[in-house]
J.: 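Input: one structure, supplied below.
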Amino acid sequence: MGIIVQKFGGTSVATSEARELVVEKIKIAVNNNLKPVIVVSAMGRKGECYATDTFIELARKAYRDIASRELDQILYCGEMISAVIMTGTLQAAGLDAIMLTGGQAGIITDNNFNNARILKVDPSRLCNLIKMGKIPVVCGFQGITIDDEFTTLGRGGSDTTAAALGSALDAEMIEIYTDVDGIMTADPRIVSTAKILDCITYGEVCQLAHQGAKVIHPRAVEIAMQKNIPLVVKSTFSNEPGTLITSITKEDTTDTYVADRVATGVTFISNIAQIKINLHDSLNNIASFNIFKSMADNGISVDLINVHPGQIMFTIAEDLADKATAQLQEFGCDVHTTLDCAKVSVVGGGINGVPGVMASFIEALSINDIPILQTVDSHTSISVLIKKSFVQSAVTALHEKFNLSC
Ligand code: ADP
Ligand code: ASP
Ligand code: MG
């Protein structure tokens, strides 16, 4: 009898009706002779009373720059409330459920508050509970340090909890239940014609997630991939089969949809600032080094980096723009900061070496009069920086251009 990890996201546990559907999904696993381990997110989304964003707002109302350690204490509450409510619901349905915090489930992290890394998972307590026939309901998104400090794993981190537990328990399968029928060619909230991908490789979905598709956390995919545990992303609210994420590759599949596609999907990341620095004669490679080092020393991660003779361009998260600009001005840099930008990407394992992909990309944007501020490409993606106001039209145009609609 194998173990299955079933993770339920915020919308899946937000209402009593949704929680009844969760009970049904867990009963299906039990009836299939699987031993379920449940992971839950905080209840609801932004604006709802027990959601993670609500706790962030509450803490920041007290002090905008509240310390990351204290923020993690309040963030803990969201998943705690959710896990207690879900455990009660399962008990009421006759299932022998028991609630555990991330730490009680054996998740040990570093002390990087708000974005901690899992160092190890000690599954012994979970294994004992499973042996006793219990159904553990674990708070997602949480860990504990070796000094008993509470930590959280970064936004969307309940997926990571599910993957880490699945890996430590050698689960047969990890199911990620959410409010869409699977991983789609674009966020269905942006492109109404986006279609479900039946099957996708770990690599492809990692790329999509890193480039902004929030449907699954990339760290969760990386953890599952290390042990080759299949992941399925599916809806709590339907009986659709969802998207299967495995290591299936071009060589070992006859599924031409997976094998031949140039583009897998279109993604975007908003709230980006572009930094342009004009280099004067007096500035040289050492100055460039100092610029990037100062960003690193200030914990500012940079993306879309272009270094030319005379100019350096890169992007950062918009909320760090003031800090970065002030730091660079201290160096005497001639800095130009553009706010309200977004990065839009076409992702696909088959993009590399296919002639005309860049031409199609640019054509789709030009036809729609979308100015390009910067571009970057890799062997699995092409990305552009544009003004945020053009995201909807850019994603829709690229989705169409790359024949991704259903
Ligand atoms: P959960 O709370 O269940 O973890 P999330 O909000 O984290 O849910 O992720 C689900 C959401 O991800 C969907 O509602 C959808 O709008 C969004 N999303 C973004 N990109 C994609 C994509 N490529 N495929 C499916 N959903 C996507
Ligand atoms: N509740 C956390 C968040 O909103 C973790 C998660 O939902 O995965 O980011
Ligand atoms: Mg999520």
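Atoms within each ligand, like the ligands themselves, are counted from 1 in listed order. Everything numeric here is computed off the predicted structure, so don't read it as measured data.
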J.: How close do Ser345 and Ser383 get, counting heavy atoms only, and between which atoms?
T.: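 Nearest heavy atoms, Ser345 then Ser383: OG-OG, 2.8 Å.
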
J.: Heavy-atom distance to atom 13 (C) of ligand 1: which of Asp179, Thr267, Ile216, Val395 wins?
T.: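 The nearest heavy atom belongs to Asp179.
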
J.: Contact residues of ligand 2 with a heavy-atom cut-off of under 4.0 Å?
T.: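 Contacting ligand 2 under 4.0 Å are Ser41, Ala42, Thr52, Glu79, Phe141, Arg155, Gly156, Gly157, Ser158.
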
J.: Of the choices Ile176, Asp187, Val266, Thr52, which has the non-hydrogen atom that lies closest to atom 15 (C) of ligand 1?
T.: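 The residue whose heavy atom sits nearest atom 15 (C) of ligand 1 is Asp187.
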
J.: Write down the atom of Ala186, the atom of His399, and the distance for their closest heavy-atom approach.
T.: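 Taking Ala186 first and His399 second, the nearest heavy atoms are CB-CD2, 3.6 Å.
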
J.: Of all the heavy atoms in Ser158, does at least one lie under 4.0 Å from an atom in ligand 1?
T.: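 Not so, Ser158 does not reach ligand 1.
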
J.: Quick check on Ala186 - does any of its heavy atoms sit under 4.0 Å from an atom of ligand 1?
T.: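 Flag set, Ala186 near ligand 1.
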
J.: Which heavy-atom pair separates Ser238 from Asp181 by the least distance, and what is that distance?
T.: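 Residues Ser238 and Asp181, closest heavy atoms: OG-OD1, 2.7 Å.
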
J.: Check each of Val215, Ile190, Val191 against atom 27 (C) of ligand 1 and report the one with the nearest heavy atom.
T.: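 Nearest heavy atom to atom 27 (C) of ligand 1 lies in Val215.
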
J.: Checking Lys276 now: which residues fulfil side-chain hydrogen bond (donor to acceptor under 3.5 Å, both in side chains) with it, not counting sequence neighbours?
T.: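 Per chain and number, Lys276 pairs via side-chain hydrogen bond (donor to acceptor under 3.5 Å, both in side chains) with no residue.
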
J.: Could you name each residue pair satisfying salt bridge (Lys or Arg N to Asp or Glu O under 4.0 Å) that touches residues 220-239, not counting sequence neighbours?
T.: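 Non-adjacent pairs meeting salt bridge (Lys or Arg N to Asp or Glu O under 4.0 Å): Asp170-Lys227, Glu175-Lys234.
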
J.: Could you list which atoms of ligand 1 come closer than 4.0 Å to a heavy atom of Lys7?
T.: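 So the atoms of ligand 1 that pass are 4 (O).
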
J.: Sequence neighbours excluded, which residues qualify as side-chain hydrogen bond (donor to acceptor under 3.5 Å, both in side chains) partners of Asn290?
T.: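 Asn290 satisfies side-chain hydrogen bond (donor to acceptor under 3.5 Å, both in side chains) with no residue once adjacent residues are dropped.
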
J.: Answer with side chain, backbone, both or neither: which part of Val180 has a heavy atom less than 4.0 angstrom from an atom of ligand 1?
T.: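 It is the side chain that gets close, since no backbone atom is under 4.0 Å.
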
J.: Does ligand 1 have any atom sitting under 4.0 Å from a heavy atom of Pro188?
T.: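 It does; at least one heavy atom falls under 4.0 Å.
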
